[in-house]
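Structure first, then comments.
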Amino acid sequence: LKTDNSDDADLFSIDSVTGEVRLINSQDDGTQNSYHFAVIATDHAGNSSEHHVHTADSINRLYNSATGQHLLSNNRSELNLLTNAGWTDEGSLGCAPPDATADVFRFFVASQGRHFYTALEYERDLIINNQEMTKSGWQYEGKAFSAYSTSNHPDDAVAVMRYFNQETGLHVYSTSA
């Protein structure tokens, strides 16, 4: 592991025979969900190469069976808090890209017992500044995770679409067009 380069190398150890990289201590405090470090491999002839490693933030879906609510988050502290409070962690839906170009913001709509997500800053601001929505129970919870924006993403990125059901007034999020 390459040290002294302002990354997370000090948190890891590497087996010099197998190349296996491991966290030295469990990160139970929940403050970090992704890591960055560099590995330098050197052969017996003295040839070496450097590889930068980025682990991705896992985005998990949680379920509250008492209320029927789902929630998406990559915040380890929040995931731990909610699972300890009885929510079921249904696992990872995917990963936030290390070079994300947008934040995804989350609102809790208390009057409907659901969450709403948007990656559009103007939509976030519109909801926050709309007194009628605030009075009807829309509570801004902040950034839920990061993603690619619709205008700045790699060609192989998978788009998540938000659909609105006019009959129920609810949204569904899907990777199917």
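Predicted, not measured: the structure shown is a model, and the values here were computed from it. We use all heavy atoms of the structure for the numbers below, so side chains are in, but hydrogens, waters and symmetry mates are not.
Taking Thr42 as the reference, Ile40, Ser48 meet the side chain to side chain contact (heavy atoms under 4.5 Å, CB included) condition, with sequence neighbours excluded. In terms of the side chain to side chain contact (heavy atoms under 4.5 Å, CB included) criterion, Asn84 has no residue partners (sequence neighbours excluded).
Formation of a donor-acceptor pair under 3.5 Å by the Arg162 side chain with backbone atoms of Tyr117 is found in this model. Between the side chain of Ser58 and the main chain of Ser92, no donor-acceptor pair closer than 3.5 Å is present. No side-chain donor-acceptor contact under 3.5 Å links Thr118 to the backbone of Glu123. Asn130 contributes no side-chain N or O that, together with a main-chain N or O of Leu126, makes up a donor-acceptor pair within less than 3.5 Å. In this structure a side-chain-to-backbone donor-acceptor pair under 3.5 Å is missing from Ser149 to Ala102.
For the side chain to side chain contact (heavy atoms under 4.5 Å, CB included) criterion with Phe107, the lone passing option out of Glu141, Gln139, Arg124, His115 is Arg124.
Of all heavy-atom pairs between Asp103 and Ser146, the closest is OD1-OG, 3.2 Å. When all heavy atoms of Ile14 and Val39 are compared, the pair lying nearest together is CD1-CG1, 3.9 Å. Shortest non-hydrogen contact noted between Ala38 and Glu50 is CB-OE2, 4.0 Å. For the residue pair Asn74 and Ala144, the shortest heavy atom distance occurs at OD1-O, 3.0 Å. Smallest separation of non-hydrogen atoms from Asn75 and Ser73: N-OG, 3.0 Å.
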In residues 61-68, what donor-acceptor pairs under 3.5 Å come from side-chain atoms, sequence neighbours left out?
residue	atom	partner	partner atom	Å
Arg61	NE	Glu90	OE1	2.5
Arg61	NH2	His70	NE2	2.9
Arg61	NH2	Glu90	OE1	3.1
Asn64	OD1	Ala66	N	2.9
Asn64	OD1	Thr67	N	3.3
Thr67	OG1	Gln69	N	3.3

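More than 12 heavy atoms of other shown residues, nucleotides or ligands fall within 6.0 angstrom of atom CZ in Phe164.
Tyr140 OH to Phe116 CZ: the interatomic distance, rounded to the nearest 0.5 Å, is 12.5 Å. Atoms CG and CG, from Leu72 and Leu79 in turn, are 10.0 Å apart once rounded to the nearest 0.5 Å. Interatomic distance, CG of Asp125 versus CG of Leu120, reported as 10.5 Å (0.5 Å rounding). Note: Ile127 CD1 to Phe105 CZ = 11.0 Å, rounded to the nearest 0.5 Å.
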I would like to know whether Trp138 and Ile128 meet side-chain contact (heavy atoms from CB on, under 4.5 Å); could you show each step before the answer?
CA-CA 8 Å; Trp138 286 67; Ile128 290 171; over 6 Å; no

Between Asp43 and Asn47, is the side chain to side chain donor-acceptor pair (under 3.5 Å) condition met? List the steps.
CA-CA 6 Å; Asp43 65 17; Asn47 300 311; 3.3 Å; yes

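Transitive grouping of hydrophobic side chains (ILVMFWY, heavy atoms separated by less than 4.5 Å) brings Trp87 and Leu93 into a common cluster. Placement of Tyr148 and Val160 in two distinct hydrophobic clusters is found when ILVMFWY residues are connected by side-chain heavy-atom separations under 4.5 Å, directly or transitively.
Counting only heavy atoms from C-beta outward, the side chains of Asn60 and Arg76 approach each other to under 4.5 Å. Side chains of Arg106 and Phe145 form no contact here, defined as non-hydrogen atoms less than 4.5 Å apart.
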